[in-house]
Amino acid sequence: MSKIKSLLVPTDFSSKSEIAVRYACEIASYTDAQILFMHVIEQPYDFPSRVEEVLENKKKESADKLAELIDGLHSTDEFRHIRMKGTVEVGNPSTMFVNAAETGKFDMIIVGLGGEHDLKKALYGSITNNILLESPIPVFAISKRIDYRQPKQLVFATALREKDIKPIKQMKKLSIELGVKLRIVHIVEKKERREEKGKKFQKKLSKELKDPDLEIEYYEDKSFFEGITRLIGGDQHTILVTTRHRKRFIEWLITRSNARVLAQVAAVPLMMIPND
């Protein structure tokens with residue numbers, strides 16, 4: 001993701017999609033990216049005798065809603081210049097969105113979360129969580145509990161892995177495009193000692209980013225989730241950025257206490273970058 005040129009925005013026309021649409025438009029206005037709004041109709045399970053007719057009617061209705069959405073956004077001065085398109089597909093939503101991401105035509109998916117209730121579905125699976133787990137490109141997820149706030153900082157939570165260097169470089173570029181501050185933080189669990197590893201990571205990071213002033217901030221807490229929640233709180237001007245390591249992420253989702261903390265963290269926009 002050297003530069004954001006194209007955004008994929010799933011929408012079901014609900015209130016949780018509205019906040020994703022707003023953030024997508026704001027990012028596009030800063031980066032000159034184009035937006036594709038995608039609505040997916042699930043194939044009917046009861047197979048009515050007139051299934052083709054039903055699907056055609058639903059597709060037309062959805063296409064009209066997408067056109068209305070785009071016309072409404074283009075009617076405002078701040079979003080008038082953004083290139084937008086809409087598409088209606090039929091199939092499994094999770095599969096369709098991930099397949100679209102795999103085409104290489106998009107640099108980021110921006111999707112709305114339903115709030116704490118939707119996050120609890122992580123224990124059983126949901127469209128958004130499937131996208132978070134499977135997407136080959138960064139996913140920007142925003143809870144519908146969040147009102148749009150002009151971003152002021154990207155907070156990248158690093159595990160001091162060498163694999164984090166590349167996504168940090170990506171976020172450095174994005175922070176410049178958005179005109180916001182980039183902070184690199186590491187939550188240190190109590191009694192954990194990572195001084196030597198941290199020094200090596202800092203040295204390599206400074207060399208790769210050519211930015212000697214970008215220092216890693218260390219915070220001590222009982223766990224990553226409690227530490228990052230305490231650090232950020234409910235500051236909706238912050239975008240939390242983290243990387244996805246599939247095994248760790250699955251373990252995270254199936255732990256009830258961590259699911260609760262995830263719901264708290266989701267009080268701010270969350271960007272997850274695949275780093276498997």
Side-chain angles (χ1 to χ4, degrees), residues 1 4 6-24 27 35-47 51 54-55 58-59 61-63 65-66 69 85-146 167 240-256 258-259 262-263 265-266 269-276:
M1 191 178 72
I4 295 179
S6 187
L7 303 172
L8 174 63
V9 184
T11 179
D12 59 3
F13 309 115
S14 67
S15 59
K16 72 178 182 180
S17 295
E18 291 176 3
I19 188 63
V21 168
R22 176 63 189 271
Y23 270 95
I27 290 175
I35 300 174
L36 178 70
F37 297 108
M38 179 181 286
H39 177 73
V40 176
I41 301 171
E42 291 193 73
Q43 191 85 17
Y45 288 106
D46 53 357
F47 296 102
V51 62
V54 171
L55 281 176
K58 285 188 174 183
K59 286 167 69 175
E61 180 182 350
S62 298
K65 287 183 178 179
L66 283 173
L69 170 66
K85 292 182 180 180
T87 183
V88 179
E89 307 292 341
V90 178
N92 176 276
S94 300
T95 301
M96 298 298 293
F97 297 138
V98 171
N99 286 348
E102 289 176 341
T103 64
K105 296 179 180 179
F106 305 99
D107 302 298
M108 184 183 296
I109 297 178
I110 301 182
V111 63
L113 290 168
E116 185 174 358
H117 175 74
D118 191 57
L119 287 165
K120 288 180 179 178
K121 291 181 184 177
L123 298 172
Y124 309 101
S126 71
I127 292 173
T128 302
N129 284 298
N130 287 336
I131 294 173
L132 286 168
L133 275 172
E134 302 295 338
S135 173
I137 60 176
V139 179
F140 188 23
I142 311 104
S143 169
K144 73 174 183 181
R145 295 180 295 163
I146 296 174
L240 173 63
V241 185
T242 187
T243 56
R244 180 191 73 205
H245 301 281
R246 191 180 300 270
K247 182 178 178 182
R248 289 182 61 202
F249 188 60
I250 293 173
E251 291 172 349
W252 170 19
L253 291 180
I254 63 177
T255 304
R256 287 185 180 274
N258 287 342
L262 174 60
V265 169
L270 172 67
M271 188 178 299
M272 186 165 290
I273 303 175
N275 205 16
D276 301 320

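Below, each value reflects all heavy atoms present in this structure, side chains not excepted, and no hydrogens, waters or symmetry copies. It should be emphasised that the depicted structure is a prediction, and the values quoted were computed from it without experimental measurement.
Side-chain contact check for Tyr23 versus Ile146: some heavy-atom pair is nearer than 4.5 Å. For the pair Phe13 and Ser62, the minimum side-chain heavy-atom distance is below 4.5 Å. In this structure the side chain of Leu8 reaches within 4.5 angstrom of the side chain of Met38, judged on heavy atoms. Side-chain contact between Ile27 and Phe140 is present, with at least one heavy-atom pair separated by less than 4.5 Å. Residues Pro10 and Val40 form no side-chain contact, since every pair of their non-hydrogen atoms from C-beta on lies 4.5 Å or further apart.
Taking every heavy atom of both residues into account, Ser17 and Asp12 meet most closely at OG-OD1, 2.7 Å. In plain terms, the two heavy atoms of Gly112 and Ala20 that are nearest each other are N-CB, 3.5 Å. Nearest heavy-atom pair across Ala100 and Phe106 is O-CD1, 3.5 Å. Annotation for Met108 and Ile4: closest pair CE-CD1, 3.6 Å, computed over non-hydrogen atoms. Nearest heavy atom pair, residue Pro167 against residue Thr243, reads CG-CG2, 3.8 Å. Heavy atoms only, all atoms of each residue included: Pro274 and Pro138 are closest at CD-N, 3.7 Å.
With respect to the salt-bridge test (charged N to carboxylate O, under 4.0 angstrom), the residues Arg22 and Glu18 do not qualify.
Taken from CG in Asp107 to CG in Leu7, the straight-line distance is 7.5 Å, to the nearest 0.5 Å. Atom CD in Glu42 sits 9.0 Å away from atom NZ in Lys58 (nearest 0.5 Å). Distance check, rounded to the nearest 0.5 Å: NZ of Lys85 to CD1 of Ile35 gives 13.0 Å. Note that CG of Asn99 and OG of Ser94 are 10.5 Å apart. Values are rounded to the nearest 0.5 Å. Atoms CD1 and CD1, from Ile109 and Ile137 in turn, are 4.5 Å apart once rounded to the nearest 0.5 Å. To the nearest 0.5 Å, atoms CG (Leu133) and CE (Met272) are separated by 8.0 Å.
Scored by the salt bridge (charged side-chain N to carboxylate O under 4.0 Å, His left out) test, Lys59 finds Glu56 as partners (sequence neighbours excluded).
Although no hydrogens or angles enter the test, the distance criterion places a donor-acceptor pair under 3.5 Å between the side chain of His39 and the main chain of Thr11.
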